[in-house]
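Here is the structure we will look at, set down as structure tokens.
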Amino acid sequence: MLLTTKFLRPTSDPRAVKRERLSALLEPDSQRRLNLVVAPAGFGKTTLVAQWCSRSSSPTAWLSLDEHDDEPRRFWQYVTGAFEHAGLAGAGELRKQLAHQTDDAFTEAITGLINTLAQDGSSWSLVLDDFHFIQALAIQRQFAYFVDYLPPGVTITLASRTEPPLPLARWRVRRWIQDIHPGLLAFSEEECRQFFHDTMGLVIPEEDVRAICRKTEGWVAAMQLSALSGSGGSAGSGQIGLDERHISDYVLTEVLDQQPQELADFLLETACCPRLCASLCDSIRSAGDSQEVLQKLLSQNLFLIPLDTRNEWFRYHDLFRDALLLRIRQNQPEKANRLWQKTVDWLLAHGHVQEGIAQIVRHEDWPWLARVLAEHGNNLIHGGYHLPVLDWLESLPRELVADNPQLQMLRIWGLFFANRVDTLAPLLTSLEDLLDRHVADSHPNAEGALGLQSEISLMRSYLARTRSDDKSATDLTRQVLKEIDHTRIPLKSVTYYGLGLDYYGKGELAEAEDALQSAVRYGQVEQKPSTVLSSGGLLAWIQYNRGDIDLALDTCTDIREWVDRHYADPSQPRLISCWQNSTLCEIHRERDHPQLAATHLQPLLEHVERGTEAGQHVVIQYVRGHLAFSEGKLQEAIEALEDAAQTARKRRDQILFEPPASTALLARCYLATGFPDKARACLDSRVDSEFTNPLNLEQNRISEARVLVAQNQPERAQEILSALLQPAERNAHNRHLVEILLVYGEALALQNRMDEARQMLTRAITRAAESGFMRLLAEESPYLRSLLLSLPALNTPGTWNSRVRAMLLKHGEATGNGEATEAAEAMASARAAPERAAKPAEPLPEPLSQRELEVLALIHQGHANKEIASRMQVAPATVKAHIRNLYGKLGVGRRTEALARARELGLLEA
């Protein structure tokens, strides 16, 4: 809902007076946090700050405020939008979160912006022009908090007509503020001379320059008005007050009335436009010369301010526009209203729907607002603007909504996309009652009202999913598909998305893919980017789990390109999908690109921190935990997965689908940290009957088999895996199939059935290579990784083979706690490999020295290299040398292998 031109710094006029003495005051220093530029209208505040910005090398965010911004959510959306427009990474997602935040204090959002600035580390400048429009005490308190906790190097510049009610005294004591007051802003005599001679191109006698400067006290607006009156010295002798009413009178009598009739008409006719461009002006004037007229106004300095560098968008100086509006409304009220209506019509017709609605709301034309919402509301909601639509509906008089089924359905959709699902049931019942009355009374809109029945059925299907009533959800969805061609609202994309969720919940992946592909196709036809992203994201998630990783990545890329091509509005936050970003994170994690995976995860984490829908919360935390698990950050993974599991239990009634099995991955984390009992308890916390999605049940059973292997019960593990193997293969659950084959092979090896184990593991490698899985193999137990490394199938030439071998060897070394993790893995490996202990160990070709034995013992105790160096009182480099010698004598390459080999040789206790 943001207007891009509010972020554009006014273009500096090369003829304008250069105010070096004031620009120098605005330069940041080590203690400064706030530049306060306060003066009445027309003192050149904006011009000064714009000149300073044009010469500053620091990144600068600009925001021109107006009276509509005096509302906390809108204010902070525009502030974060200004940073986003200026290129601050992460600002766009922060701004999007503000639309969903329910806490009126917005503390989390403001803190997020502060943290983002701190993380960026650049010397940012933020300019807030016309800050006097901000009167709300809530915003003042929030802004004080923002300034109090700004990171070093960030400077805010406020241009305001009045001193804002902020804790300025405290900040001045701390030397945080540079004040530029009217006395400093007032033009000096030399600046007045430059202004008249260079900027305005007038030859004025020196005594007249001094007289005007003295009379106006350096007030540049009054001097400009004097110059524009056309007679230089005589204007200087006129009575020019600092009252805005006098300025308006002067504009009307000495500027407007002095213009040629065609130019004066243009000024009056376009005064209703909050922003100007040639196309808009041509439309409301029924003319074709507006660009030429705008260029003429610009060349004559008639209060026209460029808003871009291409001279396409402009705005009038506020005082000048106010004076023009006053004249046309007094003299031609009907024409003024007609021009305003034509302006709004142009905005609506040219895609500036939000700005057009804002104008209607400002004029409180409620019947027109109701008609516009009925026409554009669904597109706005499905484009991601459900919260503004809800606000506009709230502003309508109750009677306009009470008897309007379309508006009531619009409110239901808005609440649905705002994740306020628990409020919908009574509203749906009320709407159905209203529709029944309209039909019974033969209401004029009775036929159209009947079309809403499909929307109601579709909404009830989603509510049925929250109750895990899959049959009702599917029946209602199929009913909508039968009736859909008779509805006025495009619903096919949303309906097929619901159908895809149903199939996915049943584990029928092929059917789910078909439905979701239809949802994407219809969503593109219906121009619903949010539905396209969600449907395409879930489609890619399924393709990834089926083992079609390349196809999943192509799906994500194609969907993203379509959305960006059709909805690349820099004034709006970038639309993202939980499903799509989660899939991309999983794909890049699986391909061993953790940093790239983290970039797709980061926007989702901001959703979690500021509150998101329960099902999305679980998916995001699951993906977060999986990435941390892959990186060896086991405690971080455990915290994320415990949160996911707890949210899934507590908020089950608010989730439209069964999210991934967090407990299955959590159990693997406990195994990796050496706590199989915790892993067992974690899995036992959910009984099989709780799973409605067979994919999640399958994942949980695989983890159960892993626990049994770790507890040296391979026979019981084999029983579970045998039951899973054929269904996974039959249903093309290829990711699970690879995991089943891997754990099955380990269970067979623990029973000393090595030939069968190698056959099973070779099948796993073949499947993994076909699908492109890599990280999946490296996340298994140390013993299983050693078995994989010994297989001929993995030691043949090939890019995939070489990458997997390297991944298996380096697993855990890249993390900060890698050494401790390897020690834990070594203990697990020792417990899980009894057949190796049964074999006689070959003697070492060269015995270990006493120092090497000391190092080995300290490694066994779980100490890192630095700790070993401290205990032995030697340099870390010496410890590394001992470890290299130790590895060479033992014939190993890692701590895990060194400890396992030492136990075989009896150098350590088993």
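Not measured: the values here are computed from a predicted model.
- Residues L605 and I620 meet the side-chain proximity criterion, which asks for heavy atoms closer than 4.5 Å.
- Listed by chain and number, the residues in a side-chain contact (heavy atoms from CB on, under 4.5 Å) with S722 are Q718, Y744 (sequence neighbours excluded).
- A salt bridge is absent between E698 and R735; no separation between the charged side-chain nitrogens and carboxylate oxygens falls under 4.0 Å.
- Checking side-chain atoms of S703 against main-chain N and O of N700 turns up no donor-acceptor pair under 3.5 Å.
- Contact annotation: the side chain of M754 approaches that of L787 to within less than 4.5 Å [non-hydrogen atoms, C-beta and beyond].
- Nearest heavy atoms, C556 versus L584: CB-CD2, 3.7 Å.
- Between Y504 and W579, the ring planes lie perpendicular to each other; the angle is over 60°, past the 30° to 60° tilted range.
- To the nearest 0.5 angstrom, N712 atom CG is 6.5 Å from L750 atom CG.
- The CD atom of Q699 lies 7.5 Å from the CG atom of L665; values are rounded to the nearest 0.5 Å.
- The two residues L742 and L761 make their nearest non-hydrogen contact at O-CD2, 3.5 Å.
- The stretch residues 534-550 participates, sequence neighbours left out, in these salt bridge (charged side-chain N to carboxylate O under 4.0 Å, His left out) pairs: E513-R546, D550-R591.
- In this structure, the separation between CG on L533 and CG on L538 is 12.5 Å, given to the nearest 0.5 Å.
- Between the R785 side chain and the L777 main chain, no donor and acceptor come within less than 3.5 Å of each other.
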ask   = Is there a side chain to side chain contact (heavy atoms under 4.5 Å, CB included) between N731 and L509 once you walk through the steps?
value = CA-CA 8 Å; N731 296 316; L509 301 189; over 6 Å; no
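- A donor-acceptor contact shorter than 3.5 Å is absent between the side chain of S534 and the backbone of T531.
- At least one donor-acceptor pair closer than 3.5 Å links the side chain of R805 to the backbone N or O of L794.
- Between V709 and V743 there is a side-chain heavy-atom pair separated by less than 4.5 Å.
- The pair D677-R680 does not count as a salt bridge, with every side-chain nitrogen at least 4.0 angstrom from each carboxylate oxygen.
- N696 meets the side-chain contact (heavy atoms from CB on, under 4.5 Å) test with E658, A661, F691, N693; sequence neighbours excluded.
- For the pair E704 and D684, the minimum side-chain heavy-atom distance is 4.5 Å or more.
- One finds the CZ atom of R706 at 9.0 Å from the CG atom of L721 (value rounded to the nearest 0.5 Å).
- A side-chain donor-acceptor contact under 3.5 Å links T673 to the backbone of Y670.
- Using modelled atom types, no side-chain atom of R668 and backbone atom of F629 make a donor-acceptor pair closer than 3.5 Å.
- A salt bridge does not link E93 to K96: none of the charged side-chain nitrogens sits closer than 4.0 Å to a carboxylate oxygen.
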message = Determine whether Q621 and T647 satisfy the following criterion, side-chain hydrogen bond (donor to acceptor under 3.5 Å, both in side chains), listing intermediate values before the conclusion.
response = CA-CA 10 Å; Q621 290 292 68; T647 302; over 6 Å; no
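- The closest side-chain donor-acceptor pair between E746 and S781 falls under 3.5 angstrom.
- The shortest heavy-atom contact between C585 and L601 is SG-CB, 4.0 Å.
- Side-chain contact between T583 and E586 is absent, with no heavy-atom pair separated by less than 4.5 Å.
- Put simply, the side chain of S771 never gets that close to the backbone of A768: no donor and acceptor are under 3.5 Å apart.
- Nearest heavy atoms, T762 versus A793: CG2-CB, 4.0 Å.
- Taking each heavy atom of I587 and A552 in turn, the nearest pair found is CD1-CB, 3.9 Å.
- Side-chain atoms of M760 and E756, non-hydrogen and from C-beta on, never get closer than 4.5 Å to each other.
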message = With side chain to side chain contact (heavy atoms under 4.5 Å, CB included) as the criterion, how do L516 and Y496 come out once you've worked through the C-alpha distance, each side chain's angles and the decisive distance to 0.1 Å?
response = CA-CA 6 Å; L516 292 167; Y496 276 107; over 6 Å; no
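- Here the side chains of N545 and I542 are not in contact, with every heavy-atom distance at 4.5 Å or above.
- Heavy atoms of other residues, nucleotides or ligands lying less than 6.0 angstrom from CD of Q726 number 12 at most.
- Formation of a donor-acceptor pair under 3.5 Å by the N581 side chain with backbone atoms of H600 is found in this model.
- Identified under the salt bridge (charged side-chain N to carboxylate O under 4.0 Å, His left out) test for residues 715-726, with sequence neighbours left out: none.
- Applying the salt bridge (charged side-chain N to carboxylate O under 4.0 Å, His left out) test to residues at least two apart or on different chains, none of the pairs has a partner in residues 615-626.
- In terms of heavy-atom proximity, A717 sits nearest to A705 at CB-O, 3.5 Å.
- Using a 30° and 60° split on the angle between ring planes, H736 and H733 fall in the perpendicular class, above 60°.
- Note on ring orientation: taking the six-membered ring where Trp is involved, the planes of Y544 and F773 are perpendicular (angle over 60°, cut-offs 30° and 60°).
- The structure places OG of S786 at 10.0 Å from CG of L808, a figure rounded to the nearest 0.5 Å.
- Put simply, the side chain of H617 reaches to within 4.5 Å of the side chain of D643, judged on heavy atoms.
- Checked against side-chain contact (heavy atoms from CB on, under 4.5 Å), S582 has the following partners two or more places apart in sequence or in another chain: W541, C578, L604, V619, V623.
- Checked by atom type and distance alone, the side chain of E590 pairs as donor or acceptor with a backbone atom of R775 at under 3.5 Å.
- Considering OG of S662 and CD of Q646, their distance stands at 11.5 Å, rounded to 0.5 Å.
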